[in-house]
Amino acid sequence: MHLLSQLNPQQRRACEITEGPVLVLAGAGSGKTRTLTYRIAYLIKELGVAPEAILAFTFTNKAAQEMRDRVEALVGAAVRSMWLGTFHAVAARILRQEIAVMGYGPRFGIYDAEDARNLVREILREMGLDDKKWPPAQLLSHISRAKNAFLTPDDWSDASFFGRRVQEVYARYQERLRALNALDFDDLIFLTVQLFDRFPEVLARYHRRFQYVLVDEYQDTNLAQYRLIRQLAAGHRNLCVVGDDDQSIYGWRGADVRNILEFQREFPDATVIRLEENYRSTGNILAAANAVVRNNRERLGKELWTRKEPGERISVYEAPDENAEAWQAAQIVGLAVQQGIKPSECAILYRTNAQSRAFEMALSRVGLGYRLVGGKRFYERKEVRDLVAYLKVVYNPLDDLALLRIINFPRRGLGEVALERLAAYQRERGIALYQTLGEAEAVAGLSPAGQRAAQELCELFGHWRAVAAEGDLAQLVRTVAEESGLLPLYQREGTSEAEDRLENLGELISEARRFQIEQGTADLGDFLSWVALVSEWDQTDQRSDGVWLMTVHSAKGLEFPLVVLAGLEEGIFPHARAFDEPSGLEEERRLFYVAVTRACRRLVLMHAKTRIVQGRAQSNPPSRFLTEIPEELLEPLDFVRPREGAKVERGATCFTLGETVTHPRFGRGTVVATRGEGEDTEVTIAFPGGGVRSFLAKYAQLIKEA
DNA sequence: TCCACGGGCATTTTT
DNA sequence: TGCCCGTGGA
């Protein structure tokens, strides 16, 4: 029993009750991941269960990786054969094996949000609808909701004008996906559940294989995921789910807290274990979190406690505007770093990604590095998507959408006219666009040059397919990047923008190599699944030490000694979009609870009197969540002086020639010219090595040093 | 066919 | 503010 000796009694119970259904209600910081990790280790090491017989679901790839590492540390490399991943990744893996009976080819593509949007846009064009009046993203969210409720287009019952349109888009969308041999994120789960429903013998095979099923972040599962869990656990019923109803923050994505209640109805014999001792935060931080979340009605009821000291009180800072807020946050972190804390032990959290910019500027100004989670992601870069599109066609020639993206990029003389001819030919025969390339000679009205271009492209793809068969993924990606003309195109250009793109393409090649080594497979389909399903987390730069900048959603599951939570105003956090229904507000409150419980020792809460939102100034009262914290836990924050103690004037509009000022992005420089006055002052600054630039003073946020 | 410009619009959270 | 798209000019 050595293995479990480091756990508290409840945690230990959660590990030892391996047979039958178990529901672990684990509060924030109560050692949830630790418990799950030990449970797996216990199964393997103490009970001799084969790792292949264990299936574990996590919510993010990052969590999966972390859990794998931690289990490996306990039991060794044997865990590699355990199935552990996100619902989407596991479903994709099952479908690669089994999808044929569902009428798709095994080499299906996976469409991410942008692919799906493009497809919907194309459908709208076909239907003659304006994508301004029918925003693709909104249509897709309806479609997604339908899929999560297991409604096919035929099951659609909303007969309103709007509803019928959505239904038609949905129907066409599914039709097109099938023709493209592609699945969107929801399809991965939806189809797996359907597969198991229709083919019990297939499900039985997985029952035999997976003796133990574990689910992390259970409160964030949606109905479809819940059904999948239920199916997989139906055989042996050795199911352990771990969750916290107070941390359910994905309702907008269909997650349903009621799955926790449902679990107890479905498995009345389930053992319920509560983990309520918090090991992370000081008493004051915990008291604040408890006090706020207590205002929610829809909860199971749970009260975290700690043996720790109350610790410091929680600081509250009211900033004049969002730039001052960011500036102050940077100062606080800077001071803490001076006192010996590592930058990576500090996090600045906010509600929406759009808030990050001010912090980025403020931190660079103070000379602190940062790591930004979210925002523009690697796989969303144009050049990366282009190269991936080539790979998608190599893998799945039915993917017209991917082919269309790159058919004339880099330019190869297949312009609008040629495409129209190819499309006409394609429509006539009902074949994939790719096939028309090979039959270019037969395409009526296609110019000889167009024919040649099409043929050449077709041969290239044939060649790449042969390279793919050789089984060296990185080599394949490099070859495609080279021979498609993407790499040469940017090499020729020589601008700094082209440099960036080259670097990104190179990065994708490196990713392929890394994937091949770490995942032990060179299969293009596996790689493309991975590309489609990796969260941004996996893409953040792990090398540099820096302050963390991220949304509260991204921060779930993490902890930091120092947390600055910013933007606590009505309309921002809670977000204005959540005001409509009480459940929306409760979710915001849970989100706030998640944010507060990230902090170990020190928590700073900030709000701004005015803030520019969507280019317009807003004044919002402080967030209601601030007022829900008992006053004795709070203390107003004294303005933290800048580090050099210099007198500083922000947002100045009056300058003297030759004066030294600091620009948030470009750093220090010398004023060489001014024009206009007051609000309209335009100031020209020379930066050492950075050139000469002009700014409108009211926007530039220049800082004067006296 | 390409680029420059300008107007209009935007921001919830992510697999 | 900044990004994206459409327009218009070269």
Side-chain angles (χ1 to χ4, degrees), chain A residues 57-64 85-92 110-116 121 131-132 135 137-138 140-141 144 147-148 183-190 217 220-222 224-225 247-255 321-323 349-358 361 373-377 379-380 382 408-411 413 415-417 529-539 550-556 567 571-580 584 587-588 590-592 594-595 611-618 664-665 695-696 698-701:
Chain A
F57 290 107
T58 60
F59 198 64
T60 62
N61 297 290
K62 165 81 177 162
T86 63
F87 281 95
H88 294 89
V90 169
I110 299 174
Y111 274 20
D112 65 15
E114 192 183 322
D115 297 324
R121 224 170 263 133
D131 67 356
K132 291 264 155 40
Q138 206 184 325
L140 279 163
S141 94
S144 173
K147 286 184 183 176
N148 284 326
L183 311 185
D184 69 12
F185 284 161
D186 295 315
D187 284 339
L188 289 170
I189 317 271
F190 185 64
E217 307 282 14
D220 288 325
T221 53
N222 62 29
Q225 291 163 337
Q247 292 190 69
S248 167
I249 55 173
Y250 285 92
W252 49 276
R253 212 169 87 189
D321 61 32
E322 77 276 10
N323 290 312
L349 307 181
Y350 36 80
R351 177 66 239 272
T352 65
N353 274 312
Q355 288 166 258
S356 73
R357 177 161 282 117
M361 297 203 300
V373 180
K376 61 262 156 228
R377 311 179 203 176
Y379 288 103
E380 285 171 10
K382 180 193 176 304
N408 199 34
F409 190 86
R411 317 208 156 269
E416 223 174 306
V417 182
S529 294
W530 183 82
V531 166
L533 298 173
V534 275
S535 79
E536 90 227 29
W537 249 109
D538 309 277
Q539 297 153 33
M550 66 183 104
T551 64
V552 179
H553 279 90
S554 311
K556 191 165 83 152
I572 306 290
F573 196 175
H575 196 274
R577 294 279 287 262
F579 289 157
D580 306 341
E587 179 149 318
E588 294 290 307
R590 292 192 293 267
L591 195 55
F592 182 80
V594 168
R611 169 185 304 276
I612 309 284
V613 182
Q614 288 173 36
R616 226 170 268 138
Q618 273 186 12
R665 197 152 68 200
F695 307 93
L696 266 181
K698 66 175 163 180
Y699 293 128
Q701 295 296 334

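Below, chain A is the first sequence line, B the second, and so on; all start at residue 1.
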S.K.: Which nucleotide in the set dT15(B), dC3(C), dT13(B) lies at the smallest distance from any side-chain heavy atom of Arg357(A)?
M.R.: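 Between dT15(B), dC3(C), dT13(B), the one nearest the side chain of Arg357(A) would be dC3(C).
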S.K.: Return the value, rounded to whole Å, for the distance between atom CG of Asp220(A) and atom P of dT13(B).
M.R.: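 Computing the Asp220(A):CG to dT13(B):P distance gives 16 Å.
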S.K.: Below 4.0 angstrom from OP1 or OP2 of dT12(B), is there any side-chain N or O of Thr551(A)?
M.R.: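 Answer is no, no contact under 4.0 Å.
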S.K.: Nearest 0.5 angstrom please: Thr352(A) OG1 to His575(A) NE2, how far?
M.R.: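 NE2 of His575(A) is found 6.0 Å from OG1 of Thr352(A).
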S.K.: If the P atom of dT1(C) is compared with that of dT12(B), how far apart are they to the nearest Å?
M.R.: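 It comes out at 23 Å once rounded to the nearest Å.
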S.K.: With side chains defined as the heavy atoms from C-beta onward, is the minimum distance between Ile612(A) and Gln618(A) less than 4.5 Å?
M.R.: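 No. Closest side-chain heavy atoms not under 4.5 Å.
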S.K.: With rounding to whole Å, what would you report as the distance between dT13(B) and dC4(C) at their C1' atoms?
M.R.: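 The answer is 22 Å between these two C1' atoms.
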S.K.: Starting at atom CZ of Arg351(A), determine the distance to atom C1' of dT14(B), rounded to an integer number of angstrom.
M.R.: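 The distance from CZ of Arg351(A) to C1' of dT14(B) comes to 12 Å, rounded to the nearest Å.
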S.K.: Establish whether the base of dT13(B) is bridged to the side chain of Trp252(A) by a donor-acceptor pair shorter than 3.5 Å.
M.R.: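 Side chain to base: pair found, below 3.5 Å.
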S.K.: Run the ring pair (Phe, Tyr, Trp, His ring centres under 6.0 Å) test against Tyr250(A) and tell me which residues pass, sequence neighbours left out.
M.R.: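 Scan of Tyr250(A) (ring pair (Phe, Tyr, Trp, His ring centres under 6.0 Å), adjacent residues dropped) gives Phe59(A), Trp252(A), His553(A).
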S.K.: Which part of the nucleic acid, if any, lies within reach of Tyr250(A) when heavy atoms closer than 4.0 Å are counted: base, sugar-phosphate only, or nothing?
M.R.: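 Sugar-phosphate contact only.
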S.K.: Using side-chain heavy atoms (C-beta onward) and a distance below 4.5 Å, is Leu533(A) in contact with Phe185(A)?
M.R.: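 In short, these two side chains touch, coming nearer than 4.5 Å.
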S.K.: What is the distance from CG of Asp321(A) to C1' of dT1(C), rounded to the nearest Å?
M.R.: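 Asp321(A) atom CG is separated from dT1(C) atom C1' by 14 Å.
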S.K.: Given atom CG of Leu533(A) and atom P of dT15(B), what is their separation to the nearest angstrom?
M.R.: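 My rounded result for the distance is 10 Å.
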S.K.: So which protein nitrogen or oxygen atoms get under 3.5 Å of nucleotides 7-11 of chain B's nitrogens or oxygens?
M.R.:
unit_1: dA10(B); atom_1: N6; unit_2: Gln614(A); atom_2: O; d: 3.3

S.K.: Between His88(A) and Asn408(A), which has a closest nucleotide on DNA chain B that is more 5'?
M.R.: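 Its nearest nucleotide lies further toward 5', so the answer is Asn408(A).
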S.K.: Phosphate oxygens OP1/OP2 of dT15(B): is one of them under 4.0 Å from a side-chain N or O of Thr60(A)?
M.R.: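 So the side-chain polar atoms of Thr60(A) never come under 4.0 Å of the phosphate oxygens OP1 or OP2 of dT15(B).
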S.K.: Would you say the side chains of Gln138(A) and Ser141(A) form a donor-acceptor pair under 3.5 Å?
M.R.: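 The criterion, which ignores hydrogens and geometry beyond distance, is not satisfied for Ser141(A) and Gln138(A).
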S.K.: Find the distance Arg253(A):CZ to dT12(B):P and express it as a whole number of Å.
M.R.: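 Between P of dT12(B) and CZ of Arg253(A): 17 Å.
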S.K.: Could you check if a side-chain atom of Asn61(A) sits within less than 4.5 angstrom of a side-chain atom of Trp530(A), using non-hydrogen atoms only?
M.R.: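 No, too far: nothing below the 4.5 Å cut-off.
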S.K.: List the residues meeting side-chain contact (heavy atoms from CB on, under 4.5 Å) with Ala358(A), not counting sequence neighbours, and say none if there are none.
M.R.: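 By the side-chain contact (heavy atoms from CB on, under 4.5 Å) rule, Ala358(A) matches Asn323(A), Ala326(A).
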S.K.: Phe409(A) has an atom CZ; how far is it from atom P of dT1(B), in whole Å?
M.R.: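 Checked: the CZ to P distance equals 13 Å.
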S.K.: To the nearest Å, give me how far apart CZ (Phe87(A)) and C1' (dT14(B)) are.
M.R.: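 Checked: the CZ to C1' distance equals 15 Å.
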S.K.: Can you find a side chain N or O atom of Asn222(A) that sits less than 4.0 Å from OP1 or OP2 on dT15(B)?
M.R.: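 False: Asn222(A) side-chain N/O out of range (4.0 Å or more) of dT15(B) OP1/OP2.
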S.K.: How close or far is atom P of dT12(B) from atom CZ of Phe592(A), stated in whole angstroms?
M.R.: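 From Phe592(A) CZ to dT12(B) P: 21 Å.
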